[in-house]
Amino acid sequence: MTSPPPPDPEPFRAEVREWCRTHVPTGWRDAQTGVSDEEFVSFQKQWFGELREAGYAVPHWPLAWGGGLSVGEQIVLYQELAAHDAPRLVLAFVAIHHAASTLLAAGTDEQRARHLPAILDGEIWVQGFSEPDAGSDLASLRTAARREGDAYVVNGQKLWASGAKYAGWCLLLARTDPGAPKRHGISYFLLDMRSQGVEVRPIRQATGESHFSEIFLNDVEIPATHLIGPENGGWQVAQATLSAERGMTMLELAERLGHAGFTWLLDACRRPNAEGLRPIDDSLVLDRLAGFETEIAGLRAMCRSLAVRHETGHVGPADASVVKLYYSELLQRMTNFGADVAGLAGSTRIIKPMSSGWESGAWVLDFIGSWEWTIPGGTSEIQRTIIAERALQMPRA
Amino acid sequence: MTSPPPPDPEPFRAEVREWCRTHVPTGWRDAQTGVSDEEFVSFQKQWFGELREAGYAVPHWPLAWGGGLSVGEQIVLYQELAAHDAPRLVLAFVAIHHAASTLLAAGTDEQRARHLPAILDGEIWVQGFSEPDAGSDLASLRTAARREGDAYVVNGQKLWASGAKYAGWCLLLARTDPGAPKRHGISYFLLDMRSQGVEVRPIRQATGESHFSEIFLNDVEIPATHLIGPENGGWQVAQATLSAERGMTMLELAERLGHAGFTWLLDACRRPNAEGLRPIDDSLVLDRLAGFETEIAGLRAMCRSLAVRHETGHVGPADASVVKLYYSELLQRMTNFGADVAGLAGSTRIIKPMSSGWESGAWVLDFIGSWEWTIPGGTSEIQRTIIAERALQMPRA
Amino acid sequence: MSSDLTELHDELRAVAREVLAAARRRGADGEPPSLDRQTLTASGWLGLEVPEALEGAGATLAEVAVVLHEMGRAPLRSGYLGSAVLGVGALNLLEPTGRRDDLLGQIASGAVRVAVGLPTGDDVVGPVAPCYSLEEDGRRLRLRGRAAFVPDATDADRLLLLARDPASTLVVVAAQPTDAGLRVAEQRVLDLTRNLGEIAAEGAEVAEGSVWRFAADPEASARRLMDRAALAIACDSLGLAEAMMEATVAYAGVRHQFGRPIGSFQAVQHACADMLVQVMVSRELVGTAVELLGCETPGSGRAVSMAKSHACAMAVDVVGKAMQLHGGIGYTWESGVHAYLKRAVLNRSLFGSPTAHRKRLGQRYLDGVSVLSED
Amino acid sequence: MSSDLTELHDELRAVAREVLAAARRRGADGEPPSLDRQTLTASGWLGLEVPEALEGAGATLAEVAVVLHEMGRAPLRSGYLGSAVLGVGALNLLEPTGRRDDLLGQIASGAVRVAVGLPTGDDVVGPVAPCYSLEEDGRRLRLRGRAAFVPDATDADRLLLLARDPASTLVVVAAQPTDAGLRVAEQRVLDLTRNLGEIAAEGAEVAEGSVWRFAADPEASARRLMDRAALAIACDSLGLAEAMMEATVAYAGVRHQFGRPIGSFQAVQHACADMLVQVMVSRELVGTAVELLGCETPGSGRAVSMAKSHACAMAVDVVGKAMQLHGGIGYTWESGVHAYLKRAVLNRSLFGSPTAHRKRLGQRYLDGVSVLSED
């Protein structure tokens, strides 16, 4: 660690605070509860626009493309957005993180010029990686792309595509060399979702919502210029960018758990139950709360350290897995406790606001929703194996 | 389950209660704290003699050999011995359980006639199974027995032999066919520990005690008549008898956890700490205590069911593993909590009584001693694999 | 258990499993899964505990527990909890009268469906605090109060409401949902397999002969009834967990990743082994409580609190782990795992949380009662 | 952290690791493992926080924390906790006087060893309840009280005892173990790597000039000193856990069963992964607390309680898991795992159990203070 000490973030913090005070829409949670898809998309686009105008939408992008905040400033930004309970950029998430980092790391100048400004303009992206038989074992994916002249013809089926029904573009992994070993025959494409042969079918989730979709690809033509990275080099591109966004997004989520999440938990514990007793007056509940506050403090500090290490290039080989695993299981334990404390009344919250994160105070829904963190993006089991093999260098099975 | 309902055990319970009241030595825990090996052995032999006279020493043996209590009566016996906090038969344990069940299942008439009465007379046995490189993977044992005329000549090293320093005889597994697949070249012997070439070296354990030993075997001759079961059939004999004793001994241990163990835990929680506060006045502690009482109740019921299933022949393929795993981890969690509640004072109990079980109220020692249950006899990890593969029929790795 | 009884239970279990599985398959899309009234009536389960003289089966809590366990394995709306478990259970604790006997017979025949207004939350220790009270209004009695989350309230033809009379004695007030001053409203919960509602009495006039008294000590009887409710939920949670454990083991045997069934990975194997151990422990605790509560043995309350706290916490853990091990599929609505998880979470709170039941156990340590003498 | 400071810490850490490992290797059989006085003096660690003007290094708690962490990795008796952590820590909080400065210098040079008589149990919230009180006896002051489990008490040449004076103000009384009316006795504990003792004062006469006062608010200063003690133990537990995690990973790489290194089994891999995650979380919490307590930042007490409760509970779990994964070898005396486990268990209780520290955190929620405003 030989970097100079970061500049004092306090002036920037004051600026963000002032901005949040005047811009975070009040009552958005109530307003976003039970809304239609259209209202959700419109609200998300408007909020994205406000952040963009302030220079806060894509702080992690290079200055030339519209970003350019230092890591210290990004930390401050996400801390304050969480502290002011701002809506989350759930719709733009894949675009500003996965798509952008892929384009910046492996895209051509043309691809960047085509898409990065469009993303800032509101272009929505979806990730088309998982398949019915390629979940934890992503490298066994079978969607096939066959070169025909200046284009690839793609056939297959993708699963767990978050936000596919809104997306204009898709980050697609497909097999271009069926004969090569699993990880060596995969290519990475930018797919226009309006192409002929693309069909999106929403999947209903455990929570009753349908954020995810299946994508069916039937003789879909992708121009060869939409290949990103080398042909058959898609796995490496995906690996390099998959966890690239983890640092700052995990920090944001950790801050939200520490602010809204913990505050709601305190509220739930202060609410008298059917017998007129407040859970918080029980030392058992206080002990659990103190334990959660401690764990959240550890998580937040770990995320700050990880963000700083990102800047200095000292990220460990499984740091992203450690943070994802710890966050997701803490979220699950905490929402489980919230559901327990909320009691029967907790089950009557049958809908949660759009644009919120994984904690909304609707404890049972939040608890069930927590599996959306312990399963996708590599299950907790996969994360533990990654940590053992990469961080601890334990022998492979 | 087509057996008739068991006879009313209450008259037998009254008999055992009366016997316990007049025979269980008062103050034996204090008297057995810090005693010499000789005093320990003498106390154990005397207590064994008293039980034998009452007909309580080997209740699970066939009537013809001095046992003959029904399963219902055995349950009552062990419940009452635990309720009256009787000393445990730690020294005779291997003899009356492992040795006897092996002799009964696979021994010749001569072998039984030679050893069963001798065991009732106080003959001490030790189990010589584990080796330095054959722990969890017992079948990879390397101690070799080479046939020479009427005898086998044995060379090798055994580990984790509990009570070896007191033992007259050893249940020995050794490899008689080095060319056969792992489990098929092993034979089972009765080894006289006074044979030439047998050397016992105590191992100091984590608790500071030395219950276990290494046994070095250097050209030790074992008469061929001391082979038990067929040559190269030792693995099957050992498997059949290894868990045969689990039913009733686990019941005994579960009853002891429920009586002395839980009583001490309540005591520890009622003792004021340095600040003059009683842990039990904290609802957090009450909650933990209630959780332990519940788990112990579940364990005791599970052990009773298992004992009854033993009699009716309905034992599941991993029932013994379930009970061992649950008991050992419950013991570990409970002694851990005891150590936590006892606080600094708990660390000043630096010696525990001989002849006691795994709970003595010396919480830190008891906690450390709990690994003697989660490691030997198949680690908790091995037990989980056994449960998955045998009880749940999950596919092997 | 005698072999006759074991055979009876095995048969009851086999039939219930088949009937309930068929009903789940019939479930229409978009509708809450339910067991239709005819099938339930035809099953004979409604009258299990109704005396033979009143056209019931004259069976015991042990048989009801078998049905409840199976209903946990295949969660559906059915009205069974309200009518057969709580309704019959309450009536059997009351002084035998013609009206009571009539109602028992009507429940057994499926003619009348009942809901019982009891505290459904953490009131598990100390004197019972019923949701209703009777007030004298001249010569008439009026009922006030409100019970929430009452099982099967909105489908009930008759309501049995636990109340304190003007002398502060616990009684059961029999009412009709249509009575003036009574209001029954559904409470929508995430778990679509339960039908819960609020029954509010705002000075409802109580008809002549509608205040029914307990046959034995009212406080003990009311606590017994609430213990029965708690234990019914424990049976259900045990069934939920057992079914999800089996589903997970089966799924892990067929789902392949990395070229192997995922059930051959140690992480999956060990998680399933832990499920089995937890289910087996709960099974013992629930079995013990059913036996003790069925025989009116002292100490049955303790056994119920052990069973309820263990089984209902265990089921959330086991079903949650089932969702995890099913991977993405488990998170879909279609897989149905979510229905088990929602019901397990609701069960945990219904008729006393694990913490509340452990408080009841813990109270005994403070009271200085010798804990062991009860064994 | 500036790069200079990072380099300084790396160097300090590397030297400490080497010195302590060598001392552990030298340990005579049957003797408690210890770091001899000369080596400790030569190390320069005793004077880390002693001002440069008094022949110390003028360093900070951050450097002391590095040494404490390393001492957790290689547990030995050393007297470091009594003299350098608590002794120097106490003295630095007092009004500067000649006597105080002399003692600081003597500690730095290794000439004098100190023990500090503080509450060592669960006194972590509310007004400090010191173990001693000063009573007026004519013109003289007499000391009464008894501190138990005082680190390094029996080896100390000088005792610093936290007491309330007759005006109920917290002060530090300087005494000699040989003073009349004072009695120092070893308290044998299972953990042989700690030296703990009881210091009893039965009306001991206090010499002229031996009552030393805090420079700032006495209550806050005393609480700060006790926080320092708690944090020192947290650093130690972090070191214990880290060392055992590394030892387990190394052992799992060489120990073979079933024809494979046991570290290739998923059960072992996942257990080790959990260890790493827990250690990393504790590391952050301990690091934050060291930073805040070192800077006298408000909220440092909260950070200390988080670090102490997390690290000391975590270490028992991690070291216990290390014993489990070492199998039979881990249960032998020779492997040394037991020494880490015993120290981890003792650490958990020393200067406040996890529960006690969480009570301190939880008090804030009850007080209605906005929890977040402190961040």
Side-chain angles (χ1 to χ4, degrees), chain A residues 130-140 159-160 182 203-210 212 214 273-277 279 282 284-285 288 329 332 336 339-351 362-365 367-372 374-376 379-382 384-385 397, chain C residues 119-124 126 129 131 147-149 187-192 194 196 255-260 262 265-268 271 313 316-317 320 323-339 341-343 345-346 348-356 358-359 362:
Chain A
S130 296
E131 300 183 4
D133 289 320
S136 291
D137 183 14
L138 185 59
S140 68
L159 203 64
W160 302 119
K182 274 164 76 172
I203 305 168
R204 196 167 182 204
Q205 302 148 228
T207 55
E209 302 155 311
S210 298
F212 294 104
E214 288 178 289
N273 65 11
E275 290 73 40
L277 301 172
D282 189 331
L284 175 58
V285 171
R288 294 292 302 275
E329 297 199 339
Q332 198 157 85
N336 188 7
D340 195 4
V341 165
L344 291 167
S347 275
T348 62
R349 291 279 301 269
I350 59 177
I351 191 160
W363 292 107
V364 183
L365 274 174
F367 177 45
I368 293 165
S370 71
W371 273 267
E372 209 167 307
T374 57
I375 296 172
T379 63
S380 297
E381 290 73 24
I382 296 286
R384 287 193 168 85
T385 299
Chain C
T120 52
D122 285 349
D123 175 11
V124 300
C131 304
F149 302 105
Q187 288 178 289
R188 283 188 66 201
V189 290
L190 271 173
D191 173 14
L192 298 174
R194 289 238 185 248
L196 301 179
R255 169 78 175 170
H256 282 64
Q257 292 281 274
F258 305 102
R260 295 158 51 179
I262 62 170
F265 286 98
Q266 227 178 21
V268 178
V316 173
D317 289 347
M323 183 171 274
Q324 179 68 22
L325 296 179
H326 274 78
I329 294 296
Y331 194 65
T332 61
W333 184 274
E334 205 185 337
S335 76
V337 178
H338 69 96
L341 187 54
K342 289 166 189 168
R343 184 152 164 141
V345 171
L346 188 73
R348 182 168 62 177
S349 297
L350 199 55
F351 296 111
S353 66
T355 320
R358 283 195 297 265
K359 269 197 206 316

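The chains referred to below are lettered A, B, ... by the order of the sequence lines, with proteins before strands, and numbering in each begins at 1.
In this structure, the portion of A:Asp282 lying under 4.5 Å from any heavy atom of chain C is its side chain and not its backbone. For chain C, the nearby part of A:Arg349 is the backbone; its heavy atoms alone come within less than 4.5 Å. In this structure, no portion of A:Leu138 lies under 4.5 Å from any heavy atom of chain C. Of the two parts of C:Leu341, only the side chain, counted from C-beta on, holds a non-hydrogen atom closer than 4.5 Å to a non-hydrogen atom of chain A. There is no contact between C:Ser335 and chain A, counting heavy-atom distances below 4.5 Å. In this structure, chain A has no heavy atom under 4.5 Å from any part of C:Leu196. Only the side chain of A:Glu275 comes within less than 4.5 Å of a heavy atom in chain C; its backbone stays farther off. Proximity to chain A involves both the backbone and the side chain of C:Thr332, based on heavy atoms less than 4.5 angstrom apart. Using a 4.5 Å cut-off between heavy atoms, A:Leu344 touches chain C through backbone and side chain atoms alike. For chain A, the nearby part of C:Phe149 is the side chain; its heavy atoms alone come within less than 4.5 Å. Heavy atoms closer than 4.5 Å to chain A are found in both the backbone and the side chain of C:Arg188. If you measure heavy-atom distances from A:Ala274 to chain C, you find no contacts under 4.5 Å at all. Residue contact with chain C, scored on non-hydrogen atoms closer than 4.5 Å, is absent for A:Ser130. Looking at C:Asp191, neither its backbone nor its side chain comes within 4.5 Å of chain A, counting heavy atoms on both sides. Interface residue A:Leu284: only side-chain heavy atoms are found under 4.5 Å from chain C. Contacts between C:Val316 and chain A at a heavy-atom distance below 4.5 Å involve the side chain alone, from C-beta outward. For A:Ala342, no part sits under 4.5 Å from any heavy atom of chain C, backbone or side chain.
Interface check for chain A: of the options C:His256, C:Arg255, C:Gln187, the most heavy-atom pairs under 4.5 Å are formed by C:Arg255. Annotation: maximal heavy-atom pairing with chain C below 4.5 Å, among A:Asn336, A:Leu159, A:Val364, occurs at A:Asn336. Between chain A and the residues C:Ala267, C:Gly327, C:Ala271, C:Pro119, the most heavy-atom pairs under 4.5 angstrom are made by C:Gly327. Contact tally against chain C (heavy-atom pairs below 4.5 Å) for A:Gln205, A:Glu381, A:Arg384: the top residue is A:Gln205. Between chain C and the options A:Thr385, A:Ile368, A:Thr379, A:Ile203, heavy-atom pairs under 4.5 Å are most frequent for A:Ile368.
Using the six-membered ring where Trp is involved, C:Tyr331 and A:Trp160 have ring planes that are tilted, between 30° and 60° apart.
One distance of note links CD of A:Glu209 with CD of A:Glu372; it measures 7.5 Å at 0.5 Å rounding. Here the straight-line distance linking atom CG of A:Asp340 with atom CZ of A:Phe367 works out to 9.5 Å at 0.5 Å rounding. One distance of note links OG of A:Ser380 with CH2 of A:Trp371; it measures 10.5 Å at 0.5 Å rounding. The distance from the CD1 atom of A:Ile351 to the OG1 atom of A:Thr207 is 10.5 Å, given to the nearest 0.5 Å. Once rounded to the nearest 0.5 Å, the distance linking CD of A:Glu131 with OG of A:Ser140 reads 7.5 Å.
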Problem - Stepwise side-chain contact (heavy atoms from CB on, under 4.5 Å) test for C:Leu350 and C:Arg194 - result: CA-CA 11 Å; C:Leu350 199 55; C:Arg194 289 238 185 248; 4.2 Å; yes

Exercise for the section: Take C:Glu334 and C:Ile329 through the side-chain contact (heavy atoms from CB on, under 4.5 Å) test and state the conclusion after the steps. Expected result: CA-CA 8 Å; C:Glu334 205 185 337; C:Ile329 294 296; over 6 Å; no

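Using a 3.5 Å distance cut-off with no hydrogens or angles, the side chains of C:Gln324 and A:Thr374 do pair a donor with an acceptor.
Between the side chain of C:Gln257 and the main chain of A:Ser136, a donor-acceptor pair closer than 3.5 Å is present. Put simply, the side chain of C:Ser349 never gets that close to the backbone of C:Leu346: no donor and acceptor are under 3.5 Å apart. Checking side-chain atoms of C:Asp123 against main-chain N and O of C:Ala129 turns up a donor-acceptor pair under 3.5 Å. Side-chain atoms of C:Lys342 come within 3.5 Å of backbone N or O of A:Ala206 as a donor-acceptor pair.
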